[in-house]
Each structure stands twice: as structure tokens, then as C-alpha cells.
Amino acid sequence: MKDSWYDVAQICLNGHVINDCVKRFPNHNKKFCDKCGALTITNCPNCDTEIQGQYHIEGVMDFTGYTAPAFCPNCGKPYPWTEAKIQAAHNLVQELENISDDEKKILTQSIDEIIKDTPETTLAVTRFKKILLKTKKPIVDAFRNILVDIVSETAKKLLWP
Ligand SMILES: [Zn+2]
Ligand SMILES: [Zn+2]
């Protein structure tokens, strides 16, 4: 018997966690999300690897919170909910006023970088912040709401310390 193991998670296409213990509590599974009606998945749509769920240690109750992972650790592709948020952020960029087309392009590229932890992340955050300074607070808040769950840890510390 294994002492500790990862369960499988069932998550809707919009990122709502339906069941983080698919193996232990299969009766909690749902075919569609009860929050938004989207289809639920337990495997990466790109490579079919199971989505890592709650970590079980035998004899210990699980109290740690579970959050949907942003990227598949097996193939590196963003999960559908990450993709949807990136798209939403890109769409928001296009709606901005008083921002030039060049700046919109930079902002869009910065968003792609700040969700990953790469050597470019710090630079991307700096550019992102600089352009957002020209917008109003509700816009800044809107970006935060969309991106807070998917930006890299490095970017999160720099953006919202
Ligand atoms: Zn949902
Ligand atoms: Zn994958």
C-alpha cells in the first residue's frame, strides 16, 4: 500500500474544481459544472495525462486547499481554463482606450510572459505595469481578477505584493 499519493482532479473547462479526489470520492464527480454548466475533464485534452488532484498521506486528513493547475506538467500546454483567461485578458487589452496599438501589442505579449516563470517575466511585469498606469483603476482591477489565478508566482509577487 502506498503511504502518500496524488489523487486525480475533475475540473470544468472554465477552471471550477469539481472534485479534487476523483479516485477516493468518485461519487463527487459531475459530468457538467454546477457553477457554470461547462463540461468537466479529468485528463489533459492535449496529452491525456490525468490532472493531478489532492495529495493524500495515509492517516492524515487533507486540510490543504486545492487550486486548479495552470499548465499540464506532462506536455506543458495551458489547460483550457488557463487558455480561456489568457484569451479574456487579450480581449480586454483590445477594449482599452488611450492606449496605442503598439502598446496593446506589448501588453498582449507581456500577458503571455507573466503567466510563465521565465527569465522574461520580470521585464514583462515592468512593461505591463507601465502601460496599465495609463488606465483607470477598474481596468487594473479587471486584469487582476482575470489573471490572479494563472500568473506565475514570480509575477504575482511583483504585481500584487
Ligand atoms: Zn464551471
Ligand atoms: Zn498535457
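Ligands are counted one by one from 1 in listed order, and the atoms in each one are counted from 1 as well.
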Run N91 and Q94 through side chain to side chain contact (heavy atoms under 4.5 Å, CB included) and show every step you take. CA-CA 5 Å; N91 291 345; Q94 295 311 316; 5.6 Å; no

Within a radius below 2.8 Å of the Zn ion (ligand 2), how many protein N, O or S atoms are present? 4

Can you tell me if NZ on K30 sees more than 12 non-hydrogen neighbours from other groups inside 6.0 Å? yes

Can E103 and K134 be said to form a salt bridge (Lys or Arg N to Asp or Glu O under 4.0 Å), step by step? CA-CA 11 Å; E103 286 172 322; K134 300 183 185 179; 2.4 Å; yes

H90 backbone acceptor or donor facing T108 side chain under 3.5 Å: no

With ring centroids as reference points, do F128 and F143 lie under 6.0 angstrom apart? yes

Could you check I41, N43, T40, V17 and say which one makes a side chain to side chain contact (heavy atoms under 4.5 Å, CB included) with Q10? T40

Taking 2.8 Å as the distance threshold, tell me the number of protein N/O/S atoms next to the Zn ion (ligand 1). 4

Give me the ring orientation class for H56 and W5: parallel if the planes are under 30° apart, tilted from 30 to 60°, perpendicular past 60°. tilted

Just do the side chain to side chain contact (heavy atoms under 4.5 Å, CB included) check on V8 and Q52 with the steps written out, would you? CA-CA 5 Å; V8 174; Q52 207 168 65; over 6 Å; no

Which atom of D7 lies closest to which atom of K23, heavy atoms considered: OD1-N, 2.7 Å

